[in-house]
Amino acid sequence: MLDRIRPFALLLGRIGIGVIFLVHGWQKFTTMGISGTTAFFEQIGIPLPGLAAPAVAVLEVVGGIAFIVGAALPVFGVLLALDMIGAIVFVHGANGFAVDKGGYEFVLALAAAALAIGFSGGGALAADGLWRRGRRTEAVTV
């Protein structure tokens, strides 16, 4: 029973986490703007804020989309987890654990989820799995 449900649970988790990253990245382009994000990164001491702000925004948008479609999951899982570790180190860590006090609770959960999904295979309709399945069929018919 669990083996039949697992691919769909992974699909829903992948989409949910992907949407969160996509929206957070998109906000860095729209709500704050890259200049506002850069200023914030500079204020909190992130090295090379002029490069880091657009890089993080692009990573979160592209990584979010990659999670939603299930593409390059191990790569984006690691990159997004590292992104969240950066958020813990530079923003949330000093505030303690509790999210309601600006702590690292939520970003730690995102980092853990990014890694778990990144190395899960992605579940149902994951592009990575569909590509692998297609490659196996080619190998058998050749």
Side-chain angles (χ1 to χ4, degrees), residues 1-139 142:
M1 178 69 151
L2 286 177
D3 289 338
R4 292 167 71 188
I5 296 171
R6 183 175 290 116
F8 299 102
L10 288 169
L11 168 67
L12 293 175
R14 195 181 81 225
I15 290 171
I17 297 299
V19 167
I20 291 169
F21 278 111
L22 173 61
V23 170
H24 279 253
W26 189 251
Q27 288 174 330
K28 287 174 178 66
F29 284 110
T30 57
T31 306
M32 295 176 70
I34 292 299
S35 61
T37 303
T38 300
F40 174 68
F41 278 21
E42 187 172 22
Q43 176 188 352
I44 61 174
I46 292 180
L48 302 169
L51 294 174
V56 166
V58 168
L59 170 61
E60 290 176 357
V61 168
V62 174
I65 292 168
F67 264 39
I68 291 166
V69 299
L73 292 173
V75 171
F76 284 106
V78 168
L79 292 174
L80 291 169
L82 290 171
D83 177 31
M84 294 298 95
I85 290 168
I88 291 169
V89 169
F90 289 102
V91 182
H92 301 281
N95 299 324
F97 182 75
V99 71
D100 66 331
K101 294 180 173 69
Y104 59 88
E105 178 178 10
F106 179 62
V107 291
L108 178 61
L110 286 176
L115 285 175
I117 290 168
F119 291 94
S120 71
L125 304 175
D128 286 353
L130 296 173
W131 182 78
R132 276 191 303 273
R133 212 172 312 139
R135 299 271 303 172
R136 267 186 256 136
T137 303
E138 284 178 26
V142 172

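Numbers here simply count residues along the sequence, with the first being 1.
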Mind listing the closest non-hydrogen atom pair of H92 and G103 along with its distance?
-> ND1-O, 3.4 Å
Separation between CG (L110) and CD (E105), nearest 0.5 Å, reads 11.0 Å
Closest contact, heavy atoms only, F41 versus P49 | CB-CB, 3.8 Å
What closest approach, in Å, do P47 and A52 show between heavy atoms, and which atom pair accounts for it?
-> O-CB, 3.8 Å
Residue pairs meeting side chain to side chain donor-acceptor pair (under 3.5 Å), one or both in residues 7-35, sequence neighbours left out, come to K28-E60
Check I34 against P54 and note the closest heavy-atom contact, atom names and distance.
-> CD1-CA, 4.0 Å
When rounded to the nearest 0.5 Å, the distance separating CZ of F97 from CD1 of I88 is 9.5 Å
Spatial distance of atom OG (S120) from atom CG (L11) [nearest 0.5 Å] | 10.5 Å
M1 CE to R6 CZ distance, which is reported to the nearest 0.5 Å = 12.5 Å
Please name the pair of heavy atoms, one in G121 and one in A126, separated by the smallest distance, quoted to 0.1 Å.
-> O-CB, 3.7 Å
Please name all residues satisfying side chain to side chain donor-acceptor pair (under 3.5 Å) with D100, sequence neighbours left out, ordered by chain then number.
-> none
List the steps and the verdict of side-chain contact (heavy atoms from CB on, under 4.5 Å) for L22 and I68.
-> CA-CA 9 Å; L22 173 61; I68 291 166; 4.0 Å; yes
Go through the steps to decide whether V61 and F21 satisfy the test side-chain contact (heavy atoms from CB on, under 4.5 Å), and finish with yes or no.
-> CA-CA 6 Å; V61 168; F21 278 111; over 6 Å; no
Say you draw a straight line from CG of L10 to CG of L73; how long is it, rounded to the nearest 0.5 Å?
-> 10.0 Å
Can you find a heavy atom in the side chain of I85 that is under 4.5 Å from one in the side chain of F90?
-> no
At their closest point, which heavy atom of G102 faces which heavy atom of N95, and how far apart are they?
-> O-ND2, 3.0 Å
Sub-6.0 Å ring centroid separation between F76 and F67 = no
Nearest 0.5 Å please: distance from the CD1 atom of I46 over to the CG atom of L51.
-> 12.0 Å
Are more than 12 heavy atoms from other residues, nucleotides or ligands located less than 6.0 Å from atom CZ of F8?
-> no
